[in-house]
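Everything on this sheet refers to the single structure shown next.
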Amino acid sequence: MIDNYKGFGLAKTIAVVCAQFGDTGKGKMVDVFAEQADIIVRGTGGDNAGHTIKTDDAEYIFHLIPSGICYDGAGKINIIGNGTVIYPKTLCDELELLGQKKMSYEHLFIALNAHLILPQHIVLDRLKECQAGQTKIGTTGKGIGPTYVDHVNRCGLIMNDLLNKDTFVKKFRHNLSAKQAIFQQYPAEVIEKIMHHEHLENGCYYHGQDVFNEEAIIAKYMAYGKVLSDMISDADAYVRISVSKKNILLEGAQGLLLSIDYGTYPYVTSSDPSVYGLAKGSGLSVSEIDLTFGIIKGFYMTRVGRGPFPTEMGGQQSDEWCNDNPQARAEENILLDMSVNHHEEFYQGMAIRQVGNEYGATTGRPRRIGWLDLVLLRHALKYLPSKNLILTKLDVLNDCEIIKICDYYSYNGRPIRLGKSYLPTGSMISNLAIIPAEILEHCRPNYKTFPGWQEDLNSCQSFADLPTKLKDILDYITDNTGANHRIISIGPKREQTIFI
Ligand code: IMP
């Protein structure tokens with residue numbers, strides 16, 4: 001039998017999504033699969049995502065362009081699907097960068113029905129966050145939420161509108177006028193500062209009291225439309241006619257725990273990064289996906305921005321350090337002697353952050369670090385049809401003397417009803433139907449501890465070569481969640497990948 005994807009039999013359409021809070025190293029795994037794919041599709045999110053693309057001689061961080069773009073020269077098709085939200089400036093900047101690096105993008109297509117991020121969305125996102133106080137989400141400030149809101153609110157613009165000036169102008173003015181009253185409620189100087197951000201073209205959209213210079217926005221967007229016009233197409237139709245004929249790789253963004261539908265609401269993004277959201281946003285239904293993979297870090301987790309994180313090392317101290325201290329990264333660089341075995345978890349987390357280089361690719365923020373949480377993993381697996389796991393970054397914990405895995409929580413909040421059942425104070429939780437912030441915030445982790453393997457994994461070429469202590473942890477995860485470990489990544493390079 002000839003495998004369509006190495007080791008995975010006849011599967012033609014596969015999906016790779018993150019089963020945690022994002023940043024699990026999808027880029028590398030998509031790259032590994034992209035070699036055998038004909039079509040690579042991104043179907044959710046926007047430039048809030050960030051993935052690192054490595055070529056032989058360099059590394060680039062992209063936010064919108066699918067990770068398969070390195071294979072454009074080999075004729076592979078890359079698609080930014082209907083479920084994404086697109087800020088044309090970011091996309092055009094990325095195309096320019098590809099051009100400078102002499103990387104081709106001849107086979108890149110953009111779904112004509114993907115929604116368009118407008119300057120007013122970015123301003124709204126940032127204003128809301130500035131004023132939110134305790135309810136701040138810690139968004140990336142890229143206008144993602146307000147754009148999805150307009151989609152659902154039936155006043156959004158789509159990529160195809162960039163090709164039709166009259167339609168664009170009419171819809172754009174309508175969209176903006178409905179928001180003007182909101183902008184008038186905010187202090188003028190706050191808006192002025194936001195409008196001068198580089199991401200908003202350094203103030204070229206700013207018009208003093210009227211806030212937005214409509215003509216400048218229309219002119220810029222029409223110019224972007226010209227650059228993108230050959231790429232904007234009926235991508236849904238292309239994916240539909242290709243399914244079961246070509247090898248299609250669906251590339252997730254963010255992670256299940258940030259899903260608007262299944263995540264730690266309201267501390268989530270505004271799209272659904274599960275395989276269900278990814279399939280829909282790529283023009284398919286989930287039943288057309290032959291194989292799904294969920295990626296987790298082995299055996300830790302990270303989270304960027306606000307929101308509950310029961311296993312966070314250093315708890316609230318870490319949350320505040322990562323979210324409220326703009327100097328955190330610089331200050332951490334000075335503390336080079338942190339040990340991954342530090343007796344204080346706050347510093348242990350900091351050390352793991354340094355070893356794993358856990359700083360946001362989009363915002364540069366330090367990622368909060370916590371132990372692997374099986375309650376959240378069990379939840380994520382409910383939305384992963386084939387329960388196949390890919391574990392990445394195992395090498396980060398090579399020096400750890402003790403590895404802790406959270407098996408269940410103790411609930412110390414007020415008694416709460418959950419549908420027909422009841423969650424009393426003091427209950428032990430190993431599974432949750434939903435994971436809203438108001439419950440997770442009152443969950444304390446209970447850990448099972450394992451001795452660390454404390455050796456370099458570089459010489460491991462197969463599952464059999466992995467240290468027994470590491471395999472014991474893998475077995476424990478399988479026994480307690482039902483997950484199948486299929487791939488283990490022990491370093492950033494392609495060859496540091498073990499197929500099981
Ligand atoms: P938004 O997607 O910019 O609205 O941000 C909502 C939440 O999702 C914030 O907590 C962000 O930090 C988080 N988030 C969005 N994109 C990513 C990502 O690619 N990796 C990790 N966290 C993300």
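The basis for the numbers below is simple: all heavy atoms, side chains too, and nothing from hydrogens, waters or symmetry mates. Start at 1 and go down the list; that is how both ligands and their atoms are numbered.
- Taking 4.0 Å as the cut-off between side-chain N and carboxylate O, K280 and D236 do not count as a salt-bridged pair.
- Look at R303 and you'll find every heavy atom at least 4.0 Å from all atoms of ligand 1.
- Remark: the N388 side chain and the S386 side chain contain an N/O donor-acceptor pair separated by less than 3.5 Å.
- Contacts of K142 with ligand 1, taken as heavy-atom pairs under 4.0 Å, are absent altogether.
- Looking from atom 14 (N) of ligand 1 to the surrounding protein, the closest heavy atom is L258 CD1, 3.8 Å.
- Protein heavy atom at the shortest distance from atom 10 (O) of ligand 1 is V304 O, 3.2 Å.
- Residue F21 has at least one heavy-atom neighbour below 4.0 Å for each of these atoms of ligand 1: 21 (C), 22 (N).
- A salt bridge is absent between D72 and K76: the closest approach of a Lys/Arg side-chain nitrogen to an acidic carboxylate oxygen does not fall below 4.0 angstrom.
- Of all the heavy atoms of Y267, none lies under 4.0 Å from any atom of ligand 1, so neither backbone nor side chain is involved.
- Salt bridge absent: E251 and R42 never bring a charged side-chain N and a carboxylate O closer than 4.0 Å.
- We find that E214 and R173 are joined by a salt bridge, their nearest charged nitrogen and carboxylate oxygen being less than 4.0 Å apart.
- Contacts between V268 and ligand 1 below 4.0 angstrom, taking non-hydrogen atoms only, involve the backbone exclusively.
- At a 4.0 Å heavy-atom cut-off, ligand 1 touches T139 through backbone and side chain alike.
- Summary of contacts: the protein heavy atom closest to atom 16 (N) of ligand 1 is Q254 NE2, 3.1 Å.
- Look at K404 and E345 and you find a salt bridge, because one of the NZ, NE, NH1 or NH2 atoms lies within 4.0 Å of a carboxylate O, short of that distance.
- Of the listed residues (G46, A49, G305, G138), the one carrying the non-hydrogen atom nearest atom 9 (C) of ligand 1 is G138.
- Between W321 and F346, the ring-plane angle classifies as perpendicular under the 30° and 60° cut-offs.
- For ligand 1 and R365, the ligand atoms under 4.0 Å from any heavy atom of the residue are 12 (O).
- Under a 4.0 Å N-O distance rule, the pair E358/R353 does not qualify as a salt bridge.
- Residues D319 and R306 are paired through a salt bridge, judged by an N-O separation under 4.0 Å between the basic side chain and the carboxylate.
- Looking only at heavy atoms of the protein, atom 3 (O) of ligand 1 is closest to T140 OG1, 2.6 Å.
- Of all protein heavy atoms, the one lying nearest to atom 2 (O) of ligand 1 is T269 OG1, 2.6 Å.
- Looking at atom 21 (C) of ligand 1, its nearest protein heavy atom turns out to be D23 OD2, 3.0 Å.
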